[in-house]
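Please read the structure below before turning to the comments.
Reckoned from all heavy atoms, side chains included, excluding hydrogens, waters and symmetry mates. Each chain gets a letter, A, B and so on, in the order the sequences are listed, and its residues count up from 1.
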Amino acid sequence: MVKVTLPDGTGREFDMPVTVGEVARSIGAGLAKAAVAGRFDGRLVDLDYVIDCNGDLAIITMQSDAGLEIIRHSTSHLMAQAVKELYPAAQVTIGPAVENGFYYDFDFERPFTPDDLSAIEERMHLISERDEPVVRREMKRDAAVALFAEMGEHYKCEIINAIDADQTISLYVQGTFMDLCRGPHVPRTSYLKAFKLLSVAGAYWRGDARNKQLQRIYGTAWADVKALKAYLHLLEEAEKRDHRRLGKELDLFSLQESAGGGLVFWHPLGARVRLAIEAYWREAHIQAGYEFLYTPHMANLELWRTSGHLDFYRDSMFNPMHVDEQDYQIRPMNCPFHILVYQSRMHSHRDFPIRWAELGTVYRYELSGALHGLFRVRGFTQDDAHVFCREEQIEDEITGILDLTLATLGTFGFKQYDVFLSTRPEKSVGSTAIWDKATQALMNAIKKHNLDFVEDKGGGAFYGPKIDVKITDCLGRKWQCSTIQLDFNLPERFDITYIGEDGGKHRPIMIHRALMGSLERFFGILLEHYAGRFPMWLAPVQAMVLTITDAHRPWAAEVRDRLRAAGLRAEADLRNEKIGYKIREHTLKKIPWLLVVGDREQEQRAVSPRDASGKDLGLLPLDGLIEKLVLQARERRI
RNA sequence: GCCGAUGUAGCUCAAUUGGCAGAGCAACGGAUUUGUAAUCCGUAGGUUUGGGGUUCGAUUCCCCACAUCGGCUCCA
């Protein structure tokens, strides 16, 4: 007699041991059909796992996250099987499920080509149609090693050898293909129908650059074809929104081969957006009680020795330059400079909190292969700030910084956050007492904002705990921009102090924080989030006045000048072109307001606006419209 | 940095097996004076990323460099 308890608390009894699949069938045909695996007493198991004792069972369907992961994992095996059938010389290594899909790494004598990918995908469909059973087998470690050695799968042997000798190893067999795997897997290959191979790339064995480079084939897999299509559509959508493409189309910025990789050139229209971002940033920081600093882009290398960057950050720093018998370093960070300003005079406990912000441009050496549009560059501007305070002020300061962070992200249209709190790692500086106190302060600040957060235990930097905030864009992608970090290290290294109430010297607490992170990267994210259709307050051109014929030029120019006088970024298209042509052109440039001017408008000192959605608002008096646009821009409406 | 791919006019792309480098859009000139997503005609535009090599001859084949793309790696 076996009793199985289901997630809803109900129990089911069976006379003899049953498989997970049989339990699913006993509940309903629909469930049995959707089932891919089970979770028995918290452990993931196959559908044909035999339950021979009482326990809790949840049926995992392909619609669930866990089910999808199993499908992706099984699809990676399906791909490996296809590869082995087509190219027996290829050796299999590992093939896990990843976000939205899976990959499998192979060692093969030649690179896989796009044609190979098509062939592999075709073969995968064939194997799916063959509907082969996927069977779990178990054996002792040494037997498994011998088996894979016989098959010539050296990587598999290496993996298995790392497992304890007395442990039982599970294998999954489908057709002639056998793979070491913990499982679970779908019971038959016919469960796998909605997949597509996406790309092939190099990847090191065990992720170590000293090891042999393997070939990784990436694919995506879903529960059904509809979901697959939706995902492929999303990929297309993302490609359309690619900031590199939009940056070129809208003439916002460029990267230039002759200048070198990872160096960003902001064009006039991109600079307008940046100015709008910076203007908001400044306004918000003044309101939040910050002062501003401007500090140099380079300084004597000694400074970087003192800060310790030379020891632990050297790989990301450009080489120093030699000037007047001294070495100078272009800065990869702003913090040492802010500390120098702090050190330029004595400080009292009454000075705190000190909040200093700077749009600080930094230069970091990134591997050439890592460069990517505006997202990974070698020179960028941080919206950096450093707060100096006393221990007991930490919580208030962090709370204030979180306020500013959420306000800033919200203003740019990001309302969904994932918050991470990273705590003390094994190797760290600072006393346990201060770590505990600071970590608690961070946690309290997060709780004050009623934010859910994930604690990354031991994930903090060696110098202090931190809070990271990730935003979600309109395609559901997550980006980490904001970071708030405590630093118990730099104040020590630079020996910065303040005079306390007791007349003695004390060490201040230092907080680093950036809200947007890198302006370049944030701009790229905004560009993709809005697909180039910036909200009015950010748009490089907020309004474009369009003439019907040359006769309307005077009024059009006047409208443009009135808009500019009201503080709007306005232009006029006075060209001798048809109105349809102008509308098309400026719509493609994603200008939020197009103001058409013809005889009627000129007579009545009016305009006919067309908004971002393409709607013609009809004849409107200019004065009222200007008021409306100014309000829209000033309130930074999204 | 590593693996693979790519690099042709401002942009998007063509160019049999190595044989005079082309189109659309944009630019410029002219005509047209136009009412909500492309008016017509014409002109000009190139050291085919840079350097070297093979060849009678290289956009094409080879080598090196640079940049870009997809990944790996890194990410204080």
Considering every strand and a 4.0 Å limit on heavy-atom distances, what is the contact class for A:G580: base, sugar-phosphate, or nothing? sugar-phosphate
Which label fits A:W266 and A:F523: parallel for a plane angle under 30°, tilted from 30 to 60°, or perpendicular past 60°? tilted
Does a nitrogen or oxygen in the side chain of A:S199 sit under 4.0 Å from OP1 or OP2 of B:rG71? no
Rounded to the Å, how far apart are A:E366 CD and B:rA67 P? 14 Å
In dot-bracket notation, what is the pairing pattern of RNA chain B, taking Watson-Crick (N1-N3 plus N6-O4 or O6-N4) and G-U wobble (N1-O2 and O6-N3) contacts under 3.5 Å, with [ ] crossing and | for other strands? (((((((..((((.....[..)))).(((((.......))))).....(((((..]....))))))))))))....
Taking the nucleotide of RNA chain B with the nearest heavy atom to each, does A:S608 or A:H309 sit closer to the 5' end? A:S608
At 4.0 Å (heavy atoms only), tell me whether A:L367 reaches a base, stays on the sugar-phosphate, or touches nothing. base
If you measure from the P atom in B:rG22 to the same atom in B:rG45, how many Å do you get, rounded? 13 Å
Integer-rounded Å distance: B:rG70 P and A:L197 CG: 18 Å
Please give, in whole Å, the distance from B:rG35 P to A:L620 CG? 20 Å
Which nucleotide in the list B:rG35, B:rC74, B:rU39 gets nearest to the side chain of A:E577? B:rU39
Rounded to the nearest angstrom, tell me the gap between atom CZ in A:R584 and atom P in B:rA37. 10 Å
Upstream residue (5' side of RNA chain B) when A:Y463 and A:A370 are each assigned their closest nucleotide: A:A370
What's A:G373 touching, base or sugar-phosphate or nothing? Going by heavy atoms closer than 4.0 Å. sugar-phosphate
Return the nearest nucleotide to the side chain of A:R575; candidates are B:rC72, B:rG1, B:rA27. B:rA27
Applying a 4.0 Å non-hydrogen cut-off, can you work out what A:R610 is touching in the nucleic acid: base, sugar-phosphate, or nothing? base
Contacts of A:F265 that satisfy ring pair (Phe, Tyr, Trp, His ring centres under 6.0 Å) - sequence neighbours left out: none
Regarding A:G262, tell me which of base, sugar-phosphate or nothing describes its non-hydrogen contacts under 4.0 Å with the strands shown. sugar-phosphate
Here the distance between atom C1' of B:rU68 and atom NZ of A:K248, to the nearest Å, is 9 Å
Rounded to the nearest 0.5 Å, what separates atom CG in A:D242 from atom CD in A:E239? 7.5 Å
Can you tell me how far P in B:rC41 sits from the matching atom in B:rA23, rounded to whole Å? 15 Å
Whole-Å P distance, B:rU48 and B:rC61: 16 Å
Examine the base of B:rG35 for any acceptor or donor lying under 3.5 Å from a partner atom in the side chain of A:E601, and report the outcome as yes or no. yes
Starting the side chain at C-beta, find the nucleotide from B:rA37, B:rG35, B:rG70 nearest to A:R244. B:rG70
Could you give the distance separating B:rC20 and B:rA37 at their C1' atoms, to the nearest angstrom? 41 Å
When you check the side-chain N and O atoms of A:Y87 and A:D116, is any donor under 3.5 Å from an acceptor? yes
Measuring from the side chain of A:Y581 (C-beta onward, heavy atoms only), which nucleotide among B:rG35, B:rC11, B:rA26 has the closest atom? B:rA26
Give A:G369 one of three labels, base, sugar-phosphate or nothing, depending on what nucleic acid heavy atoms sit under 4.0 Å from its own. base
Which nucleotide in B:rA37, B:rG1, B:rU33 has an atom nearest any side-chain atom of A:L588: B:rA37
Below 30° counts as parallel, above 60° as perpendicular, anything between as tilted: where do the rings of A:W435 and A:F488 land? perpendicular
Without hydrogens or angle criteria, can the side chains of A:R331 and A:T295 be said to hold a donor-acceptor pair below 3.5 Å? yes
Are A:S254 and A:Q256 linked by a side-chain donor-acceptor pair shorter than 3.5 Å? yes
Closest to the A:Y204 side chain, choosing from B:rU36, B:rC72, B:rU12: B:rC72
What nitrogen or oxygen pairs link the protein and nucleotides 4-9 of chain B at under 3.5 Å?
unit_1 : atom_1 : unit_2 : atom_2 : d
B:rG7  : N2     : A:E257 : OE2    : 3.3

Quote, to the nearest angstrom, the P distance that separates B:rU47 from B:rU59. 12 Å
Say you pick atom C1' in B:rG7 and the same atom in B:rA15; how far apart are they, in whole Å? 16 Å
Distance check, P atoms only: B:rC11 and B:rU16, in whole angstrom units. 23 Å
Strictly by modelled atom types, are A:H243 and A:E528 linked by a side-chain donor-acceptor pair under 3.5 Å? yes
Assign the ring pair A:F318 / A:Y365 to parallel, tilted or perpendicular, where the plane angle (0 to 90°) is split at 30° and 60°. perpendicular
A:R533 has an atom CZ; how far is it from atom P of B:rA37, in whole Å? 14 Å
Atom NZ of A:K589 and atom P of B:rA38: how far apart are they, to the nearest Å? 17 Å
Determine the Euclidean distance between corresponding C1' atoms of B:rG30 and B:rA44; express it in Å to zero decimal places. 14 Å
Contact class for A:D599 vs. all strands (heavy atom < 4.0 Å): base, sugar-phosphate, or nothing? base
Give the nucleotide from the list B:rG70, B:rA37, B:rG35 with an atom nearest to the side chain of A:H372. B:rG70
Determine whether the aromatic ring centres of residues A:F102 and A:Y104 are separated by less than 6.0 angstrom. no
For the pair made of CG in A:D573 and C1' in B:rA38, what is the distance, rounded to whole Å? 14 Å
Decide whether A:E601 and A:H552 meet the rule of one side-chain donor and one side-chain acceptor closer than 3.5 Å. no
Is the A:W356 to A:F337 ring centre distance short of 6.0 Å? no
Any idea which of B:rU12, B:rG1, B:rU36 is nearest the A:I583 side chain? B:rU36
